[in-house]
Peer 1: 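I'd like to ask some things about the structure below.
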Amino acid sequence: MTNKFALALHGGAGPRAGKDYSVTEAHMEELTREGEALLKSGETALDVVEIMVANLESSGLYVAGKGSAPNVMGKVELDAAIMEGHTQAAGSVSAIQDVISPIGVAKAVLQNSPCVMITAQGANQFADEHGFEKIGDPENYYVLPIGVSQEDTEQTDMMHGTVGAVALDIHGNLAAATSTGGVFGKPAGRVGDTPIIGAGTWADQDIAISCTGTGEYFVRAGGALTAANGYKLAGDTLDEALWRMLDEVERLGGNGGLIAVSKSGEIAMAFNSDGMKRAAVSNSTALVSTTFAPCR
Ligand code: ASP
């Protein structure tokens with residue numbers, strides 16, 4: 001056991017300049033404090049990232065869980081993934097419907113299934129079989145998150161939002177979790193980067209990463225695993241590794257951001273959109289919660 005811990009959260013890279021995100025900043029600050037206390041008390045990184053993401057999902061403040069918008073068919077389809085670093089065990093669900101916590105279902109896939117990824121009807125069935133709580137009435141459950149208007153939800157230019165968490169626990173283990181309502185105006189069955197292990201979500205024994213942004217571009221840029229390999233194999237600093245992949249996303253025409261923690265407890269965050277809701281704390285850095293402060 002060490003006294004080292006690190007935690008970073010993001011609430012998506014969709015914020016637009018000029019809007020007020022003080023409510024989400026306060027929420028993320030409080031949640032990060034809770035996560036810090038959990039990590040200090042010896043909770044595992046895997047449990048903490050799930051707890052953080054489940055809370056972000058159920059808050060209705062972000063484009064994930066309760067804050068998700070319907071696809072063009074009027075159905076809310078959700079994607080989520082979780083990965084534990086030292087075991088590289090992973091679980092993910094895509095295009096799942098009507099569950100309160102997609103990240104909880106993804107964790108159940110990690111723990112109780114030989115599969116890594118379960119999609120659509122199969123994911124709904126898996127959630128039912130494992131007793132996951134369903135939303136009662138979709139018409140009255142989902143809400144528009146802060147900064148998102150009804151017109152926004154009808155546009156089709158890939159406006160987006162997501163939540164994610166990465167952590168290092170005092171046992172020296174890492175984990176990452178990401179959950180999303182995807183992009184607004186998405187077609188039925190569209191799956192972004194979030195639930196693809198190595199694209200939107202990755203953790204191994206050296207690094208944990210959660211991405212947010214126009215998922216198609218993150219997939220095409222190689223996503224989280226490309227950033228991880230930059231750090232592990234190419235000798236990039238944590239910051240350089242994140243920016244190298246993100247610059248590729250931008251070159252391809254996308255935008256977004258990502259957060260990472262390393263085994264040594266370093267935290268890095270990068271975004272090339274207007275802003276990225278994010279918060280972080282570690283045993284050696286004070287808590288920050290911000291949306292627009294630049295990180296390059
Ligand atoms: N990456 C997510 C997706 O493409 C959206 C987001 O992160 O905002 O589904």
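Atoms within a ligand are numbered from 1 in the order they appear, just like the ligands themselves. Fair warning: this is a prediction, and the values are worked out from it, not measured in the lab. Reckoned from all heavy atoms, side chains included, excluding hydrogens, waters and symmetry mates.
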Peer 1: Mind checking what makes salt bridge (Lys or Arg N to Asp or Glu O under 4.0 Å) contact with Glu248, not counting sequence neighbours?
Peer 2: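 Arg251.
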
Peer 1: Between Glu216 and ligand 1, is there a nitrogen or oxygen pair with a distance under 3.5 Å?
Peer 2: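 Checking ligand 1 against Glu216, no N or O pair falls under 3.5 Å apart.
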
Peer 1: Would one find an N or O of Gly213, backbone or side chain, under 3.5 Å from an N or O of ligand 1?
Peer 2: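 Yes; at least one N/O pair falls below 3.5 Å.
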
Peer 1: One residue to check: Arg190. Relative to ligand 1, which of side chain, backbone, both or neither has a non-hydrogen atom less than 4.0 Å away?
Peer 2: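 Near ligand 1, Arg190 shows its side chain, while the N, CA, C and O stay back.
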
Peer 1: Decide whether an N or O pair under 3.5 Å exists between Gly215 and ligand 1.
Peer 2: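 Among all N and O atoms of Gly215, at least one is under 3.5 Å from an N or O of ligand 1.
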
Peer 1: So is Gly256 close enough to ligand 1, meaning a heavy atom under 4.0 angstrom away?
Peer 2: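 No.
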
Peer 1: Would you check whether Lys186 reaches within less than 4.0 Å of ligand 1, judged by its heavy atoms?
Peer 2: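 It does not, in that no heavy atom of Lys186 comes within the 4.0 Å cut-off of ligand 1.
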
Peer 1: Indicate every side-chain donor-acceptor pair of residues 89-106 with a distance under 3.5 Å to a residue at least two apart or in another chain.
Peer 2:
from   : atom 1 : to     : atom 2 : distance (Å)
Ser92  : OG     : Pro195 : O      : 2.9
Ser94  : OG     : Thr119 : OG1    : 2.6
Ser101 : OG     : Glu57  : OE1    : 2.8
Ser101 : OG     : Gly104 : N      : 3.2

Peer 1: To the nearest 0.5 Å, what is the distance between CG on Asp204 and CE on Met83?
Peer 2: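 Separation between the atoms: 7.0 Å.
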
Peer 1: Please check if Ile209 and Val249 belong to a single hydrophobic cluster, counting links between Ile, Leu, Val, Met, Phe, Trp and Tyr side chain heavy atoms closer than 4.5 Å.
Peer 2: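 Yes.
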
Peer 1: Following the transitive rule for hydrophobic clusters with a side-chain heavy-atom cut-off under 4.5 Å over Ile, Leu, Val, Met, Phe, Trp and Tyr, establish whether Leu7 and Val261 coincide in one cluster.
Peer 2: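 Different hydrophobic clusters.
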
Peer 1: Could Lys19 and Asp274 be called an ion pair, given the rule that one side-chain N must be under 4.0 Å from one carboxylate O?
Peer 2: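 No, no charged N to carboxylate O under 4.0 Å.
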
Peer 1: Purely on distance, is any nitrogen or oxygen of Thr162 under 3.5 Å from one on ligand 1?
Peer 2: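 Yes.
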
Peer 1: Within this structure, what is the OG1-CZ distance for the pair Thr290 and Arg278, rounded to the nearest 0.5 Å?
Peer 2: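 Going from OG1 on Thr290 over to CZ on Arg278, the span is 5.0 Å.
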
Peer 1: Thinking salt bridges, do Lys186 and Glu216 make one under a 4.0 Å N-O criterion?
Peer 2: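 Salt bridge: no.
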
Peer 1: Using a strict cut-off of 4.0 Å, indicate which atoms of ligand 1 neighbour a heavy atom of Thr180.
Peer 2: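 That gives atoms 2 (C), 5 (C), 9 (O) of ligand 1.
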
Peer 1: Check each heavy atom of Thr194 against ligand 1 and say whether those closer than 4.0 Å belong to the side chain, the backbone, both or neither.
Peer 2: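 The answer is the side chain of Thr194.
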
Peer 1: Looking at Asp193, which atoms of ligand 1 are within less than 4.0 Å of one of its heavy atoms?
Peer 2: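 Those of ligand 1 that fall under 4.0 Å from Asp193 are 1 (N), 2 (C), 3 (C), 4 (O).
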
Peer 1: Specify side chain, backbone, both or neither for Thr212, according to which of its non-hydrogen atoms lie closer than 4.0 Å to ligand 1.
Peer 2: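 Both backbone and side chain.
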
Peer 1: Examine Gly161 against ligand 1 and note whether any of their N/O atoms are separated by less than 3.5 Å.
Peer 2: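 N/O-N/O distance under 3.5 Å: yes.
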
